[in-house]
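Report on one structure; see the data block that follows.
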Amino acid sequence: METITKQSPQGCNNICPTPPPLPGPAMNCRRKGSATKGNSCASTATRDLWDNLFDRGYRADVTVRTNDGGIIYAHAGVLGMASPVLRGMLKQAKGVGHKRLISIHGVQHDAVRVFIRFLYSSCYEQEEMKELVLPLLVLSHAFVVPQLKRICEQQLENSLLTLDNVVDVFQLSLLCDAPRLVLLTHRMILRNIKAVSATEGWIAMKRSHPALEKEILESMIYEDQMEKERIRKLNERKIYLQLYEAMEALVHICRDGCRTIGPCDKDLKDDQKPCTYEACKGIELLVRHFAGCKLRVPGGCIHCKRMWQLLELHSRLCADSGSCRVPLCRNFKDKIKKQFKKDEMKWKVLAKKILSTKRIGGEPYFLSSKSISSY
């Protein structure tokens, strides 16, 4: 015993542990991409076992009647465990011999068969889903089978939703409490209203549910108004951004100088680097015109009028008029105190929107939007 204890550490270093076996086909959950028939979360053997139990009806104790006199044999234990609604129906069902009888009407026989088969093996064939997705959505909602309901919603969302069936899917989504599908179908209808309004589904909805058609048309008008409002705000924001850039360029020209214009106490270098302010060239041309125009009074020249407005706007944004190099900045600050309240509010709102558009707070040469509101 003592010898084994002393040698065991050395022996462990020379022995590699046995690798675990690779997962075989008997795994409970089907891996993505595995070559199995239909779609299922169970292994092939388990799925085949439940499919055979359903297909052969071995010791079935429930008879399900469908449209056109169709009959499907099933097992009460499976149906009761898979659906609380079916469980309640089985409790109240009358027996014929050893079998209880329930009826499922309103959808075609094939849809009921695929539905009950799903309760057994949680699987379906893609071709059957493609053909019967709408009645399966109704059955899964009516009999409270959330797994099948999610599958139907995903199939419609991914590939089965078309312009021809979008109105029908929209109405069923409202009835079956599928909010995501309602949103997707509603958007699809609005984007393709001209083509959708010519389909049989739209014509049937117009005849049977005119109020629903009215709501869709009203929502289309609302969406159009919201889109116009969004474009208006984007254009407005673009203007405010351009004004802010113009203010920056004006301060830059008067403080540092650019190209041929600059402070009187500063010489511009010949090898000066290109300006990084996008609005600089336009502001420089405006300043040069303003300096030499003979109709410089406000209202006399449209270009000079614009320059007066830019100078006044700068004075409202300027953080320190005492040391500011922009012309007339202090004069406009004094003028603000004597301005009418109505005009004052217009300028204050404009200045605040410019600052909030740029989202700055306490830049070196400008006030913050909070400071604009306080003065």
For His75 and Tyr120, run ring-ring contact (aromatic ring centres under 6.0 Å, His included): C-alpha distance rounded to whole Å, both residues' side-chain angles, the deciding distance at 0.1 Å, then the answer.
CA-CA 9 Å; His75 300 79; Tyr120 278 75; 5.8 Å; yes
More than 12 heavy atoms of other groups within 6.0 Å of [X] [atom1]:
X	atom1	answer
Asp68	CG	no
Arg56	CZ	no
Arg87	CZ	yes

Any link between [X] and [Y] through a network of hydrophobic side chains (Ile, Leu, Val, Met, Phe, Trp, Tyr) touching at under 4.5 Å?
X	Y	answer
Leu317	Ile239	yes
Val145	Trp50	yes
Leu174	Val144	yes

Q | Any donor-acceptor pair under 3.5 Å from Asp224 side chain to Met220 backbone | A | no
Between Ser83 and Leu79 (side chain of the first, backbone of the second, donor and acceptor by atom type, cut-off under 3.5 Å), is there such a pair?
no
Does a side-chain N-to-carboxylate-O contact under 4.0 Å join [X] and [Y]?
X	Y	value
Arg117	Glu125	yes
Lys233	Glu236	no
Glu227	Arg230	yes

Could you go through Ser315 and Leu328, starting from their C-alpha distance and side-chain angles, then the distance that decides it, and tell me whether this counts as side chain to side chain contact (heavy atoms under 4.5 Å, CB included)? CA-CA 8 Å; Ser315 69; Leu328 304 177; over 6 Å; no
The single option from Glu312, His314, Arg316 that satisfies side-chain contact (heavy atoms from CB on, under 4.5 Å) with Phe332 is Glu312
Query raised in the report: Given side chains that start at C-beta, do those of Leu119 and Phe54 come closer than 4.5 Å, heavy atoms only?
Result: no
**Asked** Do Ile72 and Ile104 have side-chain heavy atoms sitting under 4.5 Å apart?
**Response** no
Give the intermediate values and the outcome of side-chain hydrogen bond (donor to acceptor under 3.5 Å, both in side chains) for residues Asn67 and His105. CA-CA 6 Å; Asn67 284 359; His105 297 297; 3.1 Å; yes
In this structure, CD1 of Ile193 is separated from CD1 of Ile216 (nearest 0.5 Å) by 7.0 Å
